[in-house]
S.K.: 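Quick one: the structure is below, questions incoming.
Numbers here simply count residues along the sequence, with the first being 1. It should be emphasised that the depicted structure is a prediction, and the values quoted were computed from it without experimental measurement.
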Amino acid sequence: HVQLVESGGGSVQAGGSLRLSCAASGRTYSKWCMGWFRQVPGKEREGLATIDSRGITAYADSVKGRFTISRDDSKRTLYLQMDNLKPEDSATYYCVADRRFPSRCSVGKAEWAFTYWGQGTQVTVS
């Protein structure tokens, strides 16, 4: 049984930083494609970043250069370091995982292709 649990959300002023964490259960975690999405009420979910089992990363243009995705497989934890935050970054952030087709791992991967989703953590930038 796979569970993803996010933490680290909160409120921050524009220009500030936050680090989101996602703790995962699952024996083969290190082989999974992992990523982060976000959603603003009334808008579609936006894929932000992905990282594959080799540590290769990909980012959406909206966050490139400001956000950094990383993973610590020994802790089964995924991270999203968010720097230089802007008010438009305010959203609910979701950790996602795919273990069916982990080699297909890019920021353009459709949300339906990620089997597992966390419950979401709110980020507010003012």
Side-chain angles (χ1 to χ4, degrees):
H1 180 62
V2 175
Q3 278 191 315
L4 302 176
V5 179
E6 301 102 333
S7 60
S11 297
V12 65
Q13 291 189 336
S17 298
L18 282 174
R19 189 176 80 157
L20 305 183
S21 299
C22 171
S25 62
R27 291 183 297 174
T28 58
Y29 167 82
S30 64
K31 300 180 181 179
W32 302 351
C33 171
M34 304 292 297
W36 291 93
F37 277 73
R38 69 184 177 190
Q39 187 170 27
V40 175
K43 294 188 176 181
E44 293 185 353
R45 282 175 178 165
E46 177 187 13
L48 302 177
T50 55
I51 184 167
D52 70 9
S53 61
R54 297 165 295 173
I56 295 175
T57 59
Y59 297 92
D61 288 343
S62 58
V63 303
K64 195 175 295 182
R66 299 188 299 122
F67 290 11
T68 304
I69 189 172
S70 62
R71 62 194 296 167
D72 184 337
D73 291 342
S74 66
K75 297 180 179 179
R76 294 181 181 176
T77 302
L78 179 73
Y79 302 100
L80 186 68
Q81 176 67 40
M82 305 186 294
D83 298 318
N84 190 22
L85 283 161
K86 305 175 182 180
E88 52 263 42
D89 294 319
S90 297
T92 301
Y93 284 70
Y94 297 91
C95 169
V96 297
D98 173 33
R99 64 178 186 178
R100 293 181 301 170
F101 303 104
S103 62
R104 302 174 187 175
C105 196
S106 70
V107 73
K109 187 164 181 168
E111 58 179 272
W112 57 261
F114 289 96
T115 312
Y116 304 104
W117 288 70
Q119 81 285 357
T121 186
Q122 181 67 37
V123 171
T124 303
V125 185
S126 59

S.K.: Rounded to the nearest 0.5 Å, how far apart are CD of Glu44 and CZ of Arg38?
M.R.: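 Glu44 CD to Arg38 CZ: 14.0 Å, rounded to 0.5 Å.
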
S.K.: Could you pull out the closest heavy-atom pair between Lys109 and Phe101, with the gap in Å?
M.R.: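 For Lys109 and Phe101, the tightest heavy-atom pair comes out as NZ-O, 3.2 Å.
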
S.K.: Any donor-acceptor pair under 3.5 Å linking the side chain of Thr50 with the backbone of Thr57?
M.R.: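 Looks like no, no N/O pair under 3.5 Å.
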
S.K.: Assess the residue pair Ser126 and Gln13 against the criterion (side chain to side chain donor-acceptor pair (under 3.5 Å)); give the C-alpha distance rounded to whole Å, side-chain angles, the decisive distance to 0.1 Å, and a yes or no.
M.R.: CA-CA 5 Å; Ser126 59; Gln13 291 189 336; 5.6 Å; no

S.K.: When the ring planes of Phe37 and Trp117 are compared, do they come out parallel, tilted or perpendicular, using 30° and 60° as the limits?
M.R.: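 Ring orientation, 0 to 90° scale: tilted.
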
S.K.: Membership question, hydrophobic clusters at under 4.5 Å side-chain separation (ILVMFWY): are Leu78 and Leu80 in the same one?
M.R.: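 Yes, same cluster.
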
S.K.: Evaluate the side chain to side chain contact (heavy atoms under 4.5 Å, CB included) criterion for residues Phe114 and Cys33: first the C-alpha distance (whole Å), next the side-chain angles of each, then the deciding distance (0.1 Å), finally the verdict.
M.R.: CA-CA 8 Å; Phe114 289 96; Cys33 171; 3.8 Å; yes

S.K.: Just by distance, do the side chain of Thr124 and the backbone of Ser11 share a donor-acceptor pair under 3.5 Å?
M.R.: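 Judged by distance alone, no pair lies under 3.5 Å.
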
S.K.: Are Met82 and Trp36 in one and the same hydrophobic cluster, where Ile, Leu, Val, Met, Phe, Trp and Tyr link if side-chain heavy atoms are under 4.5 Å apart?
M.R.: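 Yes, Met82 connects to Trp36 through the hydrophobic network.
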
S.K.: For a side chain to side chain contact (heavy atoms under 4.5 Å, CB included) check, start with the C-alpha distance between Gln119 and Tyr94, then their side-chain angles and the critical distance, and finish with the verdict.
M.R.: CA-CA 7 Å; Gln119 81 285 357; Tyr94 297 91; over 6 Å; no

S.K.: Under a plain distance cut-off of 3.5 Å, with no hydrogens placed, do Arg99 and Tyr116 share a side-chain donor-acceptor pair?
M.R.: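 Yes - a donor-acceptor pair under 3.5 Å links their side chains.
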
S.K.: Quick check: closest heavy atoms across Pro102 and Asp52, and the distance to 0.1 Å?
M.R.: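 Heavy-atom minimum between the residues: O-CB, 4.5 Å.
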
S.K.: If two hydrophobic side chains count as joined below 4.5 Å and joins carry through other members, does Val63 share a cluster with Val125?
M.R.: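 Shared cluster, yes.
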
S.K.: Of the non-hydrogen atoms in Asp83 and Ser17, which two are nearest, and what is the gap between them?
M.R.: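 What the structure gives for the nearest pair is OD1-OG, 2.7 Å.
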
S.K.: Counting N and O atoms only, with roles assigned by atom type, does the side chain of Asp73 sit under 3.5 Å from a partner on the main chain of Arg76, one being a donor and the other an acceptor?
M.R.: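 Not a single qualifying donor-acceptor pair exists.
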
S.K.: Do Ser21 and Glu6 meet the criterion of a side-chain donor-acceptor pair at a distance under 3.5 Å?
M.R.: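 Judged by distance alone, the side chains do not pair up.
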
S.K.: Looking only at heavy atoms, which two atoms of Arg66 and Leu85 are closest? And how far apart?
M.R.: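 Minimum heavy-atom separation between Arg66 and Leu85: NH1-CA, 3.9 Å.
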
S.K.: Check whether the side chains of Arg100 and Thr115 place a donor and an acceptor atom closer than 3.5 Å, and report yes or no.
M.R.: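 A donor-acceptor contact under 3.5 Å links the two side chains.
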
S.K.: About how many Å separate SG of Cys95 and CD of Gln3, when rounded to the nearest 0.5 Å?
M.R.: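 These two atoms lie 12.0 Å from each other.
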
S.K.: So do the side chains of Val123 and Thr92 get within less than 4.5 Å of each other, counting heavy atoms only?
M.R.: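 When only atoms from C-beta onward are counted, Thr92 and Val123 do not touch, as no gap falls below 4.5 Å.
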
S.K.: Are Thr77 and Asp72 linked by a side-chain donor-acceptor pair shorter than 3.5 Å?
M.R.: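 No donor-acceptor contact under 3.5 Å links the two side chains.
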
S.K.: Is Asp61 salt-bridged to Lys64, going by a charged N under 4.0 Å from an acidic O?
M.R.: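 Salt bridge flag = yes for Lys64 with Asp61.
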
S.K.: Given the rule that I, L, V, M, F, W and Y join up when any side-chain heavy atoms are under 4.5 Å apart, are Leu4 and Tyr29 in one cluster?
M.R.: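 Linked, Leu4 and Tyr29 end up in one cluster.
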
S.K.: Are Leu48 and Met34 linked, directly or through other ILVMFWY residues, by side chains that come within less than 4.5 angstrom of each other?
M.R.: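 Leu48 and Met34: one cluster.
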
S.K.: Provide the closest heavy-atom pair for Gln122 versus Ala91 in the form atom of the first, atom of the second, distance.
M.R.: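 Smallest interatomic distance, heavy atoms only, reads NE2-O, 3.3 Å.
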
S.K.: Would you say that Tyr79 contacts Arg19 through its side chain, given a criterion of any heavy-atom pair below 4.5 Å between the two side chains?
M.R.: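 Side-chain contact under 4.5 Å: yes.
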
S.K.: Are Arg104 and Asp98 close enough for a salt bridge, meaning some N to O gap below 4.0 Å?
M.R.: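 Salt bridge: no.
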
S.K.: Evaluate side chain to side chain contact (heavy atoms under 4.5 Å, CB included) for Ile51 paired with Ile56, printing each intermediate quantity in order.
M.R.: CA-CA 5 Å; Ile51 184 167; Ile56 295 175; over 6 Å; no

S.K.: Please name the pair of heavy atoms, one in Trp32 and one in Ala24, separated by the smallest distance, quoted to 0.1 Å.
M.R.: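 Closest pair (atom of Trp32, atom of Ala24, distance): CZ3-CB, 4.3 Å.
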
S.K.: Is it the case that the side chain of Tyr59 and the backbone of Ile69 share a donor-acceptor pair, with hydrogens and angles ignored and the cut-off at 3.5 Å?
M.R.: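 Yes, the answer is positive, given that a donor and an acceptor are paired below the 3.5 Å cut-off.
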
S.K.: Apply side chain to side chain contact (heavy atoms under 4.5 Å, CB included) to Ser62 and Glu46, showing your working.
M.R.: CA-CA 10 Å; Ser62 58; Glu46 177 187 13; 2.7 Å; yes

